[in-house]
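Contents: one structure, followed by commentary.
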Amino acid sequence: MNNLNDPPNWNIRPNSRDDGGDGSKWNYALLVPMLGLAAFRWIWSREAQKEIEKEREAYRQRTAAFQRDLEAKYHAVISENRRSVAQLSLELEKEKNRTTSYRDALIAQGRKLVEEKKLLEQERAQVMQEKRQLRPLRSIYLSCMEKEEDWQRRAQLLLKEFEGALSERQSIYCSLVLPRSKRLEIEKNLLVRAATDPVAADLEMAAGLTDIFKHDTYCGDVWNTNKRQNGRLMWLYLKYWELIVELKKFKKVEKAILEE
């Protein structure tokens with residue numbers, strides 16, 4: 001190219017070689033920088049290519065590592081989800097079985113309640129029938145109880161009298177000053193009463209009195225003034241006669257009802 005502002009020798013002329021000028025000098029001057037530039041570009045391109053390949057390989061490795069990490073996390077999530085699904089399926093199956101068991105139990109309980117209701121209704125009907133049948137017997141029972149309670153009152157009064165007489169008899173037996181004849185008189189009167197009184201005869205008191213007079217020798221201490229602390233066998237017989245009175249009352253009521 002020519003620059004009109006430069007001196008002639010500074011311009012590059014195409015035909016300067018033919019004119020015998022300095023064209024070769026300028027060609028060599030331009031060739032060296034161009035070769036240097038070309039070498040620099042070649043070196044730079046090679047280094048740049050290496051850097052590119054290096055970065056590409058690093059990127060590929062990072063991408064592969066990231067992909068492997070993602071795949072591992074994906075498989076871990078899938079495995080965890082599968083375990084969760086399996087656990088939920090197991091829990092669901094258990095709950096289903098539990099619900100089925102509850103339902104079967106409720107059905108069985110319902111059937112049982114229906115059967116029990118039927119049995120209760122049958123028992124109620126039976127009780128009502130028995131109640132209707134027992135109404136006449138109730139009036140008989142009340143009448144017999146009233147009659148026998150009168151007998152029981154007379155028997156209890158008789159036992160009260162015998163208790164007083166026996167306490168007096170035992171007190172005389174334990175006394176060091178009272179005469180023996182008075183004790184014997186009380187024993188005689190009690191035996192006569194036991195033989196002649198219908199209630200005493202019904203209780204068969206004569207045999208018990210004879211046993212008391214013969215074997216009851218217990219006395220309290222010398223300074224004792226409480227008559228109830230004397231005697232032992234007599235108190236057992238009095239309790240026994242009370243129980244016999246109660247027993248005979250119900251036996252007589254039972255007999256009267258059965259005879260109706």
Side-chain angles (χ1 to χ4, degrees), residues 1 12 27-146 148-149 239 242-243 246-247 249-258 260:
M1 294 178 65
I12 301 173
N27 287 338
Y28 285 113
L30 291 174
L31 180 61
V32 172
M34 291 180 65
L35 289 174
L37 179 61
F40 173 76
R41 289 184 62 184
W42 179 79
I43 295 171
W44 181 84
S45 298
R46 188 173 180 182
E47 292 297 326
Q49 188 67 26
K50 288 181 180 180
E51 290 294 328
I52 291 172
E53 290 297 331
K54 183 178 178 181
E55 289 297 326
R56 184 179 296 171
E57 181 64 21
Y59 173 77
R60 186 185 64 78
Q61 291 178 359
R62 287 196 300 270
T63 304
F66 181 70
Q67 184 175 1
R68 287 194 299 270
D69 185 59
L70 284 179
E71 289 179 355
K73 290 181 178 180
Y74 171 76
H75 289 300
V77 170
I78 292 296
S79 299
E80 183 65 24
N81 289 338
R82 286 176 179 174
R83 284 194 296 270
S84 299
V85 169
Q87 184 67 24
L88 289 175
S89 300
L90 182 60
E91 293 295 330
L92 181 62
E93 186 67 22
K94 289 181 179 179
E95 191 65 28
K96 182 179 178 181
N97 294 334
R98 190 181 297 112
T99 303
T100 303
S101 300
Y102 287 160
R103 184 185 62 187
D104 295 341
L106 287 175
I107 293 173
Q109 186 68 20
R111 291 175 181 173
K112 184 179 179 181
L113 290 175
V114 171
E115 293 297 327
E116 290 179 353
K117 183 179 179 182
K118 290 181 180 179
L119 290 175
L120 288 174
E121 290 177 350
Q122 294 175 359
E123 291 177 359
R124 182 175 180 275
Q126 184 178 357
V127 168
M128 294 300 295
Q129 182 179 1
E130 292 176 354
K131 185 177 180 181
R132 288 191 294 269
Q133 294 174 352
L134 290 174
R135 280 177 182 173
L137 295 177
R138 183 174 182 272
S139 60
I140 297 173
Y141 172 78
L142 293 176
S143 176
C144 294
M145 283 294 293
E146 184 178 357
E148 295 306 322
E149 283 177 356
K239 186 65 178 179
E242 289 178 2
L243 295 175
E246 192 73 20
L247 179 63
K249 180 185 74 171
F250 287 104
K251 281 184 175 284
K252 289 180 179 181
V253 171
E254 180 184 8
K255 182 179 179 183
I257 293 175
L258 293 176
E260 291 293 333

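Positions are given from 1 along the sequence. All values below were derived from every heavy atom in this structure, side-chain atoms included, with hydrogens, water molecules and symmetry-related copies excluded.
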Check against side chain to side chain donor-acceptor pair (under 3.5 Å), Gln126 and Gln122 = CA-CA 6 Å; Gln126 184 178 357; Gln122 294 175 359; over 6 Å; no

Hey, is Glu57 close enough to Arg60 for a salt bridge, meaning N to O under 4.0 Å?
-> yes

Pair Glu115 + Lys112, salt bridge at N-O below 4.0 Å = no

Check the pair Glu80 / Arg83 against salt bridge (Lys or Arg N to Asp or Glu O under 4.0 Å), numbers first and verdict last.
-> CA-CA 5 Å; Glu80 183 65 24; Arg83 284 194 296 270; 2.6 Å; yes

When rounded to the nearest 0.5 Å, the distance separating OG1 of Thr100 from CD of Glu95 is 10.0 Å

State, yes or no, whether a side-chain contact exists between Gln67 and Glu71 at a heavy-atom distance under 4.5 Å.
-> yes

Nearest-0.5 Å distance that lies between atom CG in Asn97 and atom NZ in Lys94 = 10.0 Å

State, with a plain yes or no, whether a side-chain heavy atom of Arg124 is found less than 4.5 Å away from one of Leu120.
-> no

Short question: side chain of Asp69, backbone of Ala65 - any donor-acceptor pair under 3.5 Å?
-> no

Value for CG (Leu106) from CZ (Arg111), rounded to nearest 0.5 Å, stands at 12.0 Å

Trace of the salt bridge (Lys or Arg N to Asp or Glu O under 4.0 Å) decision for Lys249 with Glu246 | CA-CA 5 Å; Lys249 180 185 74 171; Glu246 192 73 20; 3.5 Å; yes

